[in-house]
Colleague: 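The structure that follows is given in the form of structure tokens.
Just so it is clear, the values below take in all heavy atoms, side chains as well, and ignore hydrogens, waters and symmetry mates. Source: prediction; values computed, not measured. Letters A, B, ... mirror the listed sequences (proteins, then strands); counts begin at 1.
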Number of protein chains: 2
Amino acid sequence: MLTIGQLADYAGVTTKAIRHYHERGLLAEPDRDSAGYRRYTAEHAVKLVKIRTLAHAGVPLARVKDLLDADPDTLTAAIAEIDHDLQDRMAQLRRTRDQLAQLRGGDRLFVSAEVADHLDDLRTFGVSERQRLLERDGWILMHTASPEDALLWITEKRELMTDPEFRALYLEYDAAYDWSPDDPRLPALADRTRKWFTDHHSRSETGPVDNPTIARLAAQSQPGAASPAWDRLARLMNG
Amino acid sequence: MLTIGQLADYAGVTTKAIRHYHERGLLAEPDRDSAGYRRYTAEHAVKLVKIRTLAHAGVPLARVKDLLDADPDTLTAAIAEIDHDLQDRMAQLRRTRDQLAQLRGGDRLFVSAEVADHLDDLRTFGVSERQRLLERDGWILMHTASPEDALLWITEKRELMTDPEFRALYLEYDAAYDWSPDDPRLPALADRTRKWFTDHHSRSETGPVDNPTIARLAAQSQPGAASPAWDRLARLMNG
DNA sequence: CTTGACCTTGCCCCAGGGGCAAGGTTCGAC
DNA sequence: GTCGAACCTTGCCCCTGGGGCAAGGTCAAG
């Protein structure tokens, strides 16, 4: 006859857990000795090991209780299901590990693969970090509005970025961020941009892509980070 | 600017969780719009994804809070440690799966490997199920008293079982369980048993093995399952 | 006969949210 | 222009699976 501590050691659980199982009705309360101590039999040990195994597998105690006196077929089916669940959880852990590894890396964790590739491209093109952040945040906002549209747009934008002239315009926009709003280069940049868009917009077949300009994207994502030069550019383009 | 629901969808958490993170100080409360709704920026989204990733990895929220503004070295070290923990948990899940698979099998989950082998042997020898259960429970009780001694005893017992004469005695004890206490075969069985023990006890070198007889084992493990014939045998042996 | 290791009940506490109440708001459809 | 659905707000209580601690009673060894 075992005390609660011996039983706990045998099954690899705490005495507290055993009392908890008593309260939940999973394990029958054993007889008490003259001092009021619980005295357990080997059968309690066997049942407790079953409970421990199921509980460790993440089965809710209420369900453990049902399973303990289920017929063998039900039990077999339940075990198969629980095992499935365990496999799922291992797969989930694997995914979490992957994500964790990316936590101290780039932006892949925060944006879609396409956007992440785009951001990588921007870096190789020599785009400023500020601009990269602005883009990242812009794409995040787009994605929340409509993941499908965001996918369409990023796909188109990446194709645009293959055009050397578009890249040159993009880089000049990036540089223009810090210019004075009176900088004489701004009207010329606006002209070239307008020209480029009129030249290429006809070629674009994906109709509804009323492509948000870089400036609007940035303004939307970081209200406080507005650039006077970009504001001027926006006025020049619309006016 | 995102509502709480949009942010929640983007990060793959519930709105409730986001509010929870606000309460815990993990995520800064954003500005409210004119209706009092929270309005989030892309930076909130980025931070929330970090929080989600760490929280999913099982990091306590209090620690997540610390990690969010830790320096890169600390973060790297912490991530390595968390990843280690994740691997441990995967290994644990694997072990749990193995144990789960044994739940609908034999007794391997409840007793040591040696005892389990012994119980398997008993089955091949044609020992009754009742007797096997009695043995199993006896070994469980022994194990709780002293795992080391239990290992010594089971090793010795398994060696004894290689002796055909011992096996024959064992099987007759098993059969005798149901006999009448007046059965004339009982004194003869007691004699043969006593003779066997005096013949072999001298050969036994593991001194302190004052081998508990089968009857005592059984009586200890299942007080209610006592057999009058076995009681008689015990008296014949001691008297 | 004391000391340390047990055991007893009872109560409160934790993470990480879920559920529901009792409203106010916004948006698209008709 | 108004209606309903789907949002949002705060607040409170609830859950699992125990852990921790208090305030005792008990047992075995030196």
Colleague: So, using salt bridge (Lys or Arg N to Asp or Glu O under 4.0 Å) as the criterion, who are the partners of Glu148(B) when residues are at least two apart?
Modeller: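 Result, salt bridge (Lys or Arg N to Asp or Glu O under 4.0 Å) vs Glu148(B): none returned.
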Colleague: Quick one: list whatever passes salt bridge (Lys or Arg N to Asp or Glu O under 4.0 Å) with Asp66(B), sequence neighbours left out.
Modeller: none
Colleague: Output every pair passing ring-ring contact (aromatic ring centres under 6.0 Å, His included) with a member in residues 44-66 of chain B, not counting sequence neighbours, ordered by first then second residue.
Modeller: Tyr40(B)-His44(B)
Colleague: Glu23(B) has an atom CD; how far is it from atom C1' of dT9(D), in whole Å?
Modeller: 13 Å
Colleague: Protein-nucleotides 23-27 of chain D N/O pairs closer than 3.5 Å?
Modeller:
{"residue": "dG25(D)", "atom": "N2", "partner": "Tyr37(A)", "partner atom": "OH", "Å": "2.4"}
{"residue": "dT26(D)", "atom": "O4'", "partner": "Tyr37(A)", "partner atom": "OH", "Å": "2.9"}

Colleague: If you look at every strand shown and take non-hydrogen atoms under 4.0 Å, does Val64(B) touch a base, only sugar-phosphate, or nothing?
Modeller: nothing
Colleague: Measure from CD1 on Ile18(A) to P on dG18(D) and round the result to the nearest Å.
Modeller: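 Interatomic distance, CD1 of Ile18(A) to P of dG18(D): 11 Å.
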Colleague: Output all residues satisfying side chain to side chain contact (heavy atoms under 4.5 Å, CB included) with Asp69(A), sequence neighbours left out; order by chain, then residue number.
Modeller: none
Colleague: Rounded to whole angstrom units, what separation is found between the CG atom of Leu26(A) and the C1' atom of dT16(D)?
Modeller: 12 Å
Colleague: For the pair made of CG in Leu54(B) and P in dG16(C), what is the distance, rounded to whole Å?
Modeller: 11 Å
Colleague: In residues 45-53 of chain B, what donor-acceptor pairs under 3.5 Å come from side-chain atoms, sequence neighbours left out?
Modeller:
{"residue": "Arg52(B)", "atom": "NH1", "partner": "Ala11(B)", "partner atom": "O", "Å": "2.9"}
{"residue": "Thr53(B)", "atom": "OG1", "partner": "Val49(B)", "partner atom": "O", "Å": "2.8"}

Colleague: Quick one: list whatever passes salt bridge (Lys or Arg N to Asp or Glu O under 4.0 Å) with Asp120(B), sequence neighbours left out.
Modeller: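 Arg108(B).
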Colleague: Rounded to the nearest angstrom, tell me the gap between atom CZ in Arg63(A) and atom P in dG17(D).
Modeller: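 Atom-to-atom, Arg63(A) to dG17(D), this comes out as 13 Å.
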Colleague: Report the residue (Tyr40(A) or Arg24(B)) whose heavy-atom-nearest nucleotide on DNA chain C is the more 5′ of the two.
Modeller: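 Here Tyr40(A) is the residue nearer the 5' end.
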Colleague: Looking only at side-chain N and O atoms, does Thr15(A) come under 4.0 Å of OP1 or OP2 in dC7(C)?
Modeller: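 Answer no for this pair, as no side-chain N or O of Thr15(A) is under 4.0 Å from OP1 or OP2.
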Colleague: Less than 4.0 angstrom between a side-chain N/O of Thr3(A) and OP1 or OP2 of dC7(C), yes or no?
Modeller: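 Checking Thr3(A) against dC7(C): at least one side-chain N or O falls below 4.0 Å of OP1 or OP2.
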Colleague: Is the terminal nitrogen or CZ of Arg130(B) (NZ for Lys, CZ for Arg) located under 6.0 angstrom from the six-membered ring centre of Tyr177(B) and within 45° of that ring's axis?
Modeller: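 Geometry flag: set, cation within 6.0 Å and 45°.
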Colleague: Between atom CD1 in Ile4(A) and atom P in dC6(C), what is the gap in whole Å?
Modeller: 13 Å
Colleague: Could you state the atom-to-atom distance from CE of Met1(B) to P of dT26(C) in whole Å?
Modeller: 15 Å
Colleague: Identify whether the distance between the nearest side-chain nitrogen and carboxylate oxygen of Asp31(B) and Arg38(B) falls below 4.0 Å.
Modeller: no
Colleague: Quick one: is Thr14(A) getting a side-chain N or O under 4.0 Å of the dG19(D) phosphate, OP1 or OP2?
Modeller: yes
Colleague: Considering only nitrogen or oxygen atoms on both sides, find all protein atoms under 3.5 Å from nucleotides 10-12 of chain D and state each distance.
Modeller:
{"residue": "dT10(D)", "atom": "OP1", "partner": "Arg32(B)", "partner atom": "NH1", "Å": "3.3"}
{"residue": "dT10(D)", "atom": "OP1", "partner": "Arg32(B)", "partner atom": "NH2", "Å": "3.1"}
{"residue": "dT10(D)", "atom": "OP2", "partner": "Arg38(B)", "partner atom": "NH1", "Å": "3.1"}
{"residue": "dT10(D)", "atom": "OP2", "partner": "Arg38(B)", "partner atom": "NH2", "Å": "3.0"}

Colleague: Quickly work out the His20(B) NE2 to dC13(D) P distance and round it to whole Å.
Modeller: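 Taking atom P of dC13(D) as the reference, NE2 of His20(B) is at 17 Å.
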Colleague: Who pairs with Arg94(A) by salt bridge (Lys or Arg N to Asp or Glu O under 4.0 Å), at least two apart in sequence or on another chain?
Modeller: none
